[in-house]
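Read through the structure below, which is laid out as structure tokens, and then see the notes.
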Amino acid sequence: MEQKLKVGVLGATGMVGQRFISLLENHPWFEVVTVAASPRSAGKTYEDAVGGRWKMDTPMPEAVKKLVVMNVNEVEQVASTVDFVFSAVDMTKEEIKAIEEEYAKTETPVVSNNSAHRWTPDVPMVVPEINPEHFEIIPFQRKRLGTERGFVAVKPNCSIQSYAPVLTAWKEFEPYEVVATTYQAISGAGKTFADWPEMTENIIPYIGGEEEKSEQEPMRLWGKIENGVIVKAEDPKITCQCIRVPVLNGHTAAVFVKFRKHPTKEQLIEKLKLFHGLPQKLNLPSAPKQFIQYMEEDNRPQVKLDVDFENGMGISIGRIREDSIYDYKFVGLSHNTVRGAAGGAVLCAELLKAQGYISAK
């Protein structure tokens, strides 16, 4: 059997770092050999560094418990132990930009969950079923960084996963105007109810920076590579409200769409059921067999019943119906820390490996 690639997780003690650790347990291609975090965690075993802050439903994998946490700022030292890294560091945007490029310059590919590089013109921001061709910008980025194998790739914001794939599936009907309201889980803020008791039985109608991301990041996914940079799409125009709700995992979206062409409801549902991408064709380890499921029941999708569809990597859609002002409306649901965060990044890394961008050092 082919030897597994050696993986490091930067920011391994935080919630998304923990999700990376749990998703990579028994991964057929990747093995976590290095965990790195802030200087205050460095030198402790992973088990001690996390302490009582393990936030996953499943137990901490035995294989990582005794790994000694490295200082994420000691870039050369961390990079020398791995083939590539996942990044979930908790720093300022400028610090994240700098440290991710620093890792890339050690010839270590970085697959990031962070937002810092999402608008860097030569950094691919990818949902593998939607825009895998954006990885073709990596040679331009390597030229800028002066690297042969190092680069940074990112995945988009968790909030857009419940509607951007749907609009992609409906592309031929030319959606041109979209209104979306997202109802976002508290794990998106890296919290549980124990950490954030004021969220119990509460709704907060503001999440800093989230509405701009939810409106603009889909446009970058649908953009084109031109002259070594990614130029965002112009259509459809999206306006969004983002609301924090008392749910642990799972972002729900209520979405209204206008189309230039006039699909029937049956055509819309058929497009969702048939929609698939490169991960499904290549049968990548984390790829959902069914990327989008359509649910006929009036009261679905529900977070409690449907958030773990396809191990959290699939998207659930329901209640497609005609609207009196817009053409159609629907409700979407995605798992924000699996498909929307660590799982989406793992799937990106699998595709990057399959395409030869990531290999053993």
Side-chain angles (χ1 to χ4, degrees), residues 15-16 19 22-23 55-58 127-130 155-170 178 180-189 191-193 199 201 203 207 210 214 218 240-257 265-266 268-277 279-280 284-321 328-347:
M15 184 178 265
V16 174
R19 182 66 75 183
S22 62
L23 288 176
K55 295 177 180 179
M56 301 296 107
D57 298 333
T58 51
V127 174
E129 288 89 349
I130 294 178
K155 48 140 293 293
N157 198 41
C158 51
S159 65
I160 73 173
Q161 312 283 338
S162 51
Y163 58 91
V166 175
L167 298 171
T168 306
W170 293 343
V178 176
T181 302
T182 59
Y183 304 88
Q184 299 188 203
I186 63 172
S187 58
K191 302 276 181 62
T192 64
F193 287 107
M199 271 310 301
E201 296 184 21
I203 281 176
I207 307 170
E210 204 74 1
S214 301
C240 199
Q241 289 200 101
C242 297
I243 297 171
R244 188 73 74 193
V245 295
V247 163
L248 180 60
N249 293 311
H251 286 357
T252 300
V255 186
F256 299 76
V257 190
K265 177 180 172 179
E266 291 68 31
L268 293 175
I269 292 171
E270 183 187 28
K271 290 294 177 193
L272 296 182
K273 289 178 175 174
L274 294 177
F275 186 67
H276 64 282
Q280 286 72 34
L284 297 176
S286 300
K289 297 282 181 282
Q290 179 80 33
F291 180 31
I292 305 174
Q293 69 166 343
Y294 183 73
M295 315 195 78
E296 300 284 352
E297 301 93 327
D298 287 340
N299 64 349
R300 302 285 283 277
Q302 291 180 28
V303 170
K304 276 196 170 174
L305 300 177
D306 304 312
V307 75
D308 292 319
F309 170 60
E310 290 279 14
N311 299 314
M313 289 297 286
I315 290 156
S316 301
I317 305 300
R319 303 202 68 212
I320 293 178
R321 60 223 191 273
Y328 284 94
K329 52 194 169 188
F330 69 90
V331 175
L333 170 67
S334 61
H335 196 307
N336 55 295
T337 66
V338 182
R339 169 56 79 161
V346 171
L347 189 60

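Put simply, CD1 on I160 and NE2 on H251 are 11.0 Å apart, with the number rounded to the nearest 0.5 Å. Here the straight-line distance linking atom CZ of R321 with atom NZ of K329 works out to 4.5 Å at 0.5 Å rounding. Here F330 contributes atom CZ and I317 contributes atom CD1; the two are 5.5 Å apart, rounded to the nearest 0.5 Å. Here OG of S159 is found 10.0 Å from CG of N336. Values are rounded to the nearest 0.5 Å. Summarising the geometry, atom CG belonging to L274 is positioned 10.5 Å from atom CD1 belonging to I292; distances are rounded to the nearest 0.5 Å. Taking OH of Y183 as the reference point, atom CZ of R244 lies at 14.5 Å (rounded to 0.5 Å).
Considering only heavy atoms from C-beta on, P165 stays 4.5 Å or farther from E129 through its side chain. Between R19 and H335 there is a side-chain heavy-atom pair separated by less than 4.5 Å. Between V331 and P301, some side-chain heavy-atom pair lies under the 4.5 Å cut-off. K155 has its side chain out of reach of L347: every pair of non-hydrogen atoms, C-beta onward, lies at least 4.5 Å apart. For the pair K55 and T337, the minimum side-chain heavy-atom distance is 4.5 Å or more. Inter-residue side-chain proximity for T182 and I207 is flagged as unmet; no heavy-atom pair is nearer than 4.5 Å. Within the 4.5 Å cutoff, side-chain heavy atoms of K289 are placed close to those of E310. Residues W170 and L272 have side chains in contact (heavy-atom distance under 4.5 Å, counting atoms from C-beta outward).
Listed here is the closest heavy atom pair of Y163 and S214: OH-O, 2.7 Å. When all heavy atoms of Y328 and I320 are compared, the pair lying nearest together is CD2-CG2, 4.0 Å. Counting all heavy atoms, side chain and backbone alike, N249 lies closest to S187 at OD1-OG, 2.8 Å. For the residue pair K271 and A169, the shortest heavy atom distance occurs at CB-O, 3.7 Å. What you find for L333 and V307 is that their closest heavy atoms are CD2-N, 3.8 Å. When all heavy atoms of P288 and Q280 are compared, the pair lying nearest together is O-NE2, 3.0 Å.
Looking only at atom types and distance, the side chain of S334 has no donor-acceptor partner in the side chain of R339 under 3.5 Å away. Using modelled atom types, one finds a donor on one side chain and an acceptor on the other under 3.5 Å when comparing E210 with N157. Under the 3.5 Å distance criterion, with hydrogens and angles disregarded, no donor-acceptor pair is assigned to the side chains of S22 and T58.
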**Prompt:** Yes or no on side-chain contact (heavy atoms from CB on, under 4.5 Å) for V338 and N311, after CA distance, side-chain angles and deciding distance?
**Reply:** CA-CA 8 Å; V338 182; N311 299 314; over 6 Å; no
**Prompt:** Does the pair F291 and H276 meet the rule for a side-chain contact (heavy atoms from CB on, under 4.5 Å), with working shown?
**Reply:** CA-CA 6 Å; F291 180 31; H276 64 282; 5.6 Å; no
**Prompt:** What's the verdict on side-chain contact (heavy atoms from CB on, under 4.5 Å) for S316 and R300, showing C-alpha distance, side-chain angles and the deciding distance?
**Reply:** CA-CA 8 Å; S316 301; R300 302 285 283 277; over 6 Å; no
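Shown here is D298, whose CG atom has no more than 12 heavy atoms of other residues, nucleotides or ligands within 6.0 Å.
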